[in-house]
Amino acid sequence: MNKTKEITLSGLLLASGILLPMVFHMFSLTGPIALPMHIPVLIGGFLLSPQYAVILGIITPVLSGLLTSMPVLFPMGVIMAFELGTYALTASLATKKFSLPIIPSLIISMIAGRLAAGLTVAALVLLFGVKMNPIMFVRGAIVTGIPGIIIQLIFIPALVYAIRAYLKTRAERA
């Protein structure tokens, strides 16, 4: 994918990462349960180069926090920036560098992202005295996010295959 297409796709996924949580909140589906911001970021991990993927993962929660106050920038925006940046980077590396299939890459990315979130919470506790327990945070995020994790495991592979097929068709026509 050339640089212009990658930047354009990054922008579309960034916009989706900001708008999708707003749509979920309109229907009273909360972010910690459905994990709507994770979906475009993970898709970006599978479609973008590692450098664009990690930037997308970091910028999405920060820009969303600035524009919509979802998430609150500190501490959740910081935690999510590390978590989503790790999701995207891991997905990109797993599929592009190690040629792993989508579902194992997705599972590895989810685990790596949760570990990054836990480490970020631990750092915030040490550096800023944030009153959170890193282990309880990760455990709670996994348990609360089970519906979102199921949504991700079902829809992300299908969406990635569909987008890849569309991009391939477009490239063949060009």
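Everything quoted here is computed from the prediction, not taken from an experiment.
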**Q.** In one Ile/Leu/Val/Met/Phe/Trp/Tyr side-chain cluster, 4.5 Å: F155, L84
**A.** yes
Q: Could you check if a side-chain atom of I156 sits within less than 4.5 angstrom of a side-chain atom of F46, using non-hydrogen atoms only?
A: yes
Q. Will you find, in the side chains of E6 and S49, an N or O donor that is under 3.5 Å from an N or O acceptor?
A. yes
Q. Under 4.5 Å between any side-chain heavy atoms of I146 and I150, yes or no?
A. yes
Q: Write down the atom of I163, the atom of L47, and the distance for their closest heavy-atom approach.
A: CG2-CD1, 3.4 Å
(Q) Surrounding CZ of F82 (heavy atoms of other residues, nucleotides or ligands, distance under 6.0 Å), is the total greater than 12? (A) no
Q. In terms of heavy-atom contacts, does CD1 of I103 have more than 12 from other residues, nucleotides or ligands at under 6.0 Å?
A. no
Q.
Under 4.5 Å between side-chain heavy atoms, counting indirect links through other Ile/Leu/Val/Met/Phe/Trp/Tyr residues: same cluster for I59 and L20 or not?
A. yes
Q) For atom CZ of R139, is the number of surrounding heavy atoms from other residues, nucleotides or ligands below 6.0 Å larger than 12? A) no
Q. Is atom CD1 of I135 surrounded by more than 12 heavy atoms (other residues, nucleotides or ligands) closer than 6.0 Å?
A. no
(Q) Same cluster or not: L115 versus F137, using hydrophobic residues (I, L, V, M, F, W, Y) connected whenever any side-chain heavy atoms lie under 4.5 Å apart? (A) yes
**Q.** Minimum-distance pair of heavy atoms, taken over all atoms of Q152 and P157
**A.** O-CD, 3.5 Å
Q) Can you tell if the side chain of L73 reaches within under 4.5 Å of the side chain of V78, non-hydrogen atoms only? A) no
**Q.** Side-chain heavy-atom pair L13, L48 within 4.5 angstrom cut-off
**A.** yes
Q. Would a 4.5 Å heavy-atom cut-off, applied to side chains only, mark M132 and I79 as touching?
A. yes
Q. So do the side chains of M110 and H38 get within less than 4.5 Å of each other, counting heavy atoms only?
A. no
Q | Note, M37 side chain near P71 side chain (heavy atom, < 4.5 Å) | A | yes
**Q.** M22 reachable from I33 in the ILVMFWY side-chain graph, under 4.5 Å edges
**A.** no
